[in-house]
Amino acid sequence: MANDKTRKFSSMIVDGVAQAPSRAMLHAVGFKDDDFKKPQVGIASTWSMVTPCNMHINKLAEDAAEGVDGAGGKSIIFNTITVSDGISMGTPGMRYSLVSREVIADSIETVTGAQGFDGVVAIGGCDKNMPGCLIAMARLDRPSVFVYGGTIKPGEKRRDIVSVFEAVGGVAAGTVSEAELKEVEDTAIPGPGSCGGMYTANTMASAIEALGMSLPNSSAQEAVSDDKKNDCHRAGAAVMKLIEKGIKPSDIMTRKAFENAITVVIALGGSTNAVLHMLGMAHAANVELELDDFTRIGANVPMLADLKPSGKYLMSELIAIGGIQPLMKMLLDAGLLHGDCMTVTGMTMAENLADVKPYPDGQDIIHTLENPIKKDSHLVVLYGNIATTGAVAKITGKEGLSFTGNARVFESEESALEAILDDTVVKDDVIVIRHEGPVGGPGMREMLSPTGAIMGKGLGKDVALITDGRFSGGSHGFVVGHVTPEAAVGGPIAIIEDGDKITIDAENRLLNLDIPQQEIDARLAKWKAPAPKEKRGTLAKYARLVSSASEGAVTDKF
């Protein structure tokens with residue numbers, strides 16, 4: 001299949017007398033003479049021993065490389081970074097989490113652009129490296145396939161990482177002993193794979209499959225399984241077909257494809273981080289997408305999946321009944337998906353789903369359209385005098401649909417967590433955590449430690465939390481994140497005072513400070529910008545470049 005069309009980029013690197021030095025160096029890394037005539041495919045591996053989510057991906061990268069080579073291409077494996085949200089959660093290190101999405105995207109773009117790869121297979125296994133891979137693919141616009149590293153097996157007693165965070169709150173409440181906490185700690189994470197509920201990793205894997213950028217079922221396979229090994233091998237072969245046919249991410253990542261991804265995320269009860277990441281991915285793909293699109297689509301799409309954190313089941317249990325393909329077929333048949341969208345199979349979404357069988361009778365993980373968990377979206381975009389450009393909540397209905405309480409203000413996640421654990425926070429409080437946005441953090445930390453402590457202490461229905469930071473997919477309760485404008489740039493969240501009344505109204509999509517507008521204006525007039533927390537290095541660069549969370553927190557919006 002090698003020709004000028006299929007070797008559009010690699011030919012510039014390896015063809016002709018002038019490129020003999022390039023060929024000489026490539027001989028040293030295993031190229032044979034015949035390999036220079038083949039399309040080159042970069043295999044972007046996010047392997048590291050930093051986290052269980054990615055500890056197995058080196059082997060998956062080798063499987064994908066075999067798929068490329070077996071289909072007539074030449075594979076080149078290279079690495080990018082990953083950081084662990086779960087490990088850095090609740091610490092200053094978590095500031096680097098969202099930043100890493102941009103570093104990953106930049107690094108994949110950099111290596112692929114420099115080395116002249118004709119196509120890309122990217123394998124991600126944790127929250128930020130998945131959208132990071134997709135942002136790079138969209139920017140490069142070369143034939144590409146994404147592979148999800150797969151979900152973790154359940155721990156003992158169906159435990160997962162959120163079980164540990166909530167047990168910490170249980171210790172503070174006196175309902176969990178330190179010995180019981182140690183048992184949960186020792187048994188929650190049994191091996192490789194991404195966190196086991198419909199948290200951000202599984203949410204984004206599902207969104208990417210619905211977007212058409214991964215092969216059918218890639219989102220619903222355990223990390224250690226023959227299915228995942230085969231998925232990688234097939235992805236290597238699939239990218240070669242895309243190269244031959246000239247199908248690029250811009251042919252797949254269309255506005256209608258993003259609408260499909262949003263629809264599937266809503267039906268699954270997915271993470272609020274999906275809003276942030278899909279806005280960022282759409283920006284990279286030059287697709288117009290905004291917060292209000294989530295509201296528009298969500299008005300007609302029900303939440304159907306009874307999955308953790310707010311539900312009962314783990315991703316491994318959804319895998320056992322068929323993954324998300326039967327759900328997508330159900331949504332397609334109901335007219336809720338665009339079936340004419342191209343995918344990495346080289347076929348449309350409708351063609352991929354044509355022969356998918358329904359879920360087995362008797363399962364209750366995925367509800368029917370006639371009997372939804374919630375009749376419309378759980379992802380609720382709120383506006384009001386606190387969030388004039390928007391905020392994002394995850395409201396399943398179990399928390400209630402409105403909350404009014406007294407502001408208890410904290411300038412950092414750590415101070416809020418301490419107050420939750422030492423009983424300073426009480427019933428009817430609205431916890432306000434500010435200066436944790438993309439600029440103010442810098443880095444927009446996730447608030448799983450405070451929300452886990454709230455749930456562990458039994459306060460899930462008694463207090464609410466709002467922040468210009470964001471939430472882990474494992475967070476649940478009456479929580480609102482992504483409040484924009486953020487405090488560091490003078491957003492109204494910056495002028496809230498202890499004792500102010502705050503109302504969160506999910507039905508009317510409002511987030512309001514219940515004081516006169518004249519008082520709000522007077523406080524804003526006195527506001528002064530805080531000094532930057534970081535003056536040099538990665539976080540300082542990020543704070544200077546990053547856009548608002550309502551725009552995806554991207555760093556190339558000029």
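Checking Thr484 against Thr389 by side-chain atom types alone, a donor-acceptor pair falls below 3.5 Å. Under 3.5 Å, the side chains of Glu102 and Thr555 contain a donor-acceptor pair of N or O atoms. No side-chain donor from either of Thr263 and Asn260 sits under 3.5 Å from a side-chain acceptor of the other. With 3.5 Å as the limit, one finds no donor-acceptor pair spanning the side chains of Tyr199 and Asn273. Using modelled atom types, one finds no donor on one side chain facing an acceptor on the other under 3.5 Å when comparing Ser48 with Thr82.
In summary, Asp376 and Lys374 engage in a salt bridge, as defined by a charged side-chain N under 4.0 Å from a carboxylate O. With respect to the salt-bridge test (charged N to carboxylate O, under 4.0 angstrom), the residues Lys312 and Glu317 do not qualify.
Counting only residues at least two apart or on different chains, the side-chain hydrogen bond (donor to acceptor under 3.5 Å, both in side chains) pairs with a member in residues 533-547 are Arg95-Glu534. The salt bridge (charged side-chain N to carboxylate O under 4.0 Å, His left out) analysis of residues 466-493, with sequence neighbours excluded, yields the pairs Glu446-Arg470. Within the structure, salt bridge (charged side-chain N to carboxylate O under 4.0 Å, His left out) contacts touching residues 500-518 (residues at least two apart or in different chains) are Asp500-Arg523.
Taking CE of Met130 as the reference point, atom OG1 of Thr203 lies at 8.5 Å (rounded to 0.5 Å). In this structure, Arg434 CZ and Ile493 CD1 are separated by 7.5 Å, a value rounded to the nearest 0.5 Å. Taken to the nearest 0.5 Å, the CG atom of Leu327 stands 12.0 Å off from the NE2 atom of His367. Of the inter-residue distances, the one linking Glu185 atom CD with Arg159 atom CZ reads 11.5 Å to the nearest 0.5 angstrom. To the nearest 0.5 Å, atoms CE (Met213) and CD1 (Ile252) are separated by 5.5 Å.
Trp47 places a side-chain N or O within donor-acceptor distance of the main-chain N or O of Met55, the cut-off being under 3.5 Å. Side chain of His378 to main chain of Gly270: a donor-acceptor pair is present (N/O by atom type, distance under 3.5 Å, no hydrogens or angles). Asn129 places a side-chain N or O within donor-acceptor distance of the main-chain N or O of Gly125, the cut-off being under 3.5 Å.
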Stepwise side chain to side chain contact (heavy atoms under 4.5 Å, CB included) check, Ile515 with Ile520: CA-CA 7 Å; Ile515 63 175; Ile520 294 174; 3.6 Å; yes
After noting the C-alpha distance and the side-chain angles of Thr272 and Leu379, does the key distance pass the side chain to side chain contact (heavy atoms under 4.5 Å, CB included) rule? CA-CA 7 Å; Thr272 53; Leu379 296 175; 3.9 Å; yes
What do the steps show when you test Ile431 against Ile466 for side chain to side chain contact (heavy atoms under 4.5 Å, CB included), and what is the final call? CA-CA 6 Å; Ile431 301 164; Ile466 70 171; over 6 Å; no
List the steps and the verdict of side chain to side chain contact (heavy atoms under 4.5 Å, CB included) for Val463 and Phe478. CA-CA 7 Å; Val463 302; Phe478 216 111; over 6 Å; no
Run the numbers on Asp498 and Arg408 for salt bridge (charged side-chain N to carboxylate O under 4.0 Å, His left out), then give the verdict. CA-CA 5 Å; Asp498 282 339; Arg408 196 173 291 270; over 6 Å; no
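Under the side-chain contact (heavy atoms from CB on, under 4.5 Å) test applied with Ser206, the options Ser219, Ser218, Ser214 reduce to a single match, Ser219.
Residues satisfying the side-chain hydrogen bond (donor to acceptor under 3.5 Å, both in side chains) test with Asn512, not counting sequence neighbours, are none. Annotation: salt bridge (Lys or Arg N to Asp or Glu O under 4.0 Å) contacts of Arg445 (sequence neighbours excluded): Glu413, Glu414, Glu436. Every residue two or more places apart in sequence or in another chain that forms a side-chain hydrogen bond (donor to acceptor under 3.5 Å, both in side chains) with Glu180 is listed here: Ser177. Listed by chain and number, the residues in a side-chain contact (heavy atoms from CB on, under 4.5 Å) with Ser415 are Phe410, Ser412 (sequence neighbours excluded). Residues forming a salt bridge (Lys or Arg N to Asp or Glu O under 4.0 Å) with Asp127 (at least two apart in sequence, or on another chain): none. Partners of Lys308 by salt bridge (Lys or Arg N to Asp or Glu O under 4.0 Å), not counting sequence neighbours: none found. For the salt bridge (Lys or Arg N to Asp or Glu O under 4.0 Å) test, no residue two or more places apart in sequence or in another chain qualifies with Asp422. Not counting sequence neighbours, the partners of Thr404 by the side-chain hydrogen bond (donor to acceptor under 3.5 Å, both in side chains) test are Thr503.
Here the side chains of Met198 and Val265 are not in contact, with every heavy-atom distance at 4.5 Å or above. Side-chain contact check for Tyr313 versus Leu318: every heavy-atom pair is 4.5 Å or farther apart.
When every heavy atom of Thr151 is checked against every heavy atom of Cys195, the shortest pair comes out as OG1-O, 3.9 Å. Nearest approach of Thr46 to Gly124, heavy atoms of both residues: OG1-CA, 3.5 Å. Among all heavy-atom pairs drawn from Thr51 and Ser84, the shortest one is CB-CB, 3.7 Å.
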Scan the side chains in residues 291-302 for donor-acceptor partners under 3.5 Å anywhere in the protein, sequence neighbours excluded, and list what turns up.
unit_1: Asp292; atom_1: OD1; unit_2: Tyr383; atom_2: OH; d: 2.7
unit_1: Asp293; atom_1: OD1; unit_2: Arg255; atom_2: NH2; d: 2.9
unit_1: Asp293; atom_1: OD1; unit_2: Arg296; atom_2: NH2; d: 3.2
unit_1: Asp293; atom_1: OD2; unit_2: Arg255; atom_2: NH1; d: 3.4
unit_1: Asp293; atom_1: OD2; unit_2: Glu290; atom_2: N; d: 2.9
unit_1: Arg296; atom_1: NH2; unit_2: Glu259; atom_2: OE2; d: 3.0

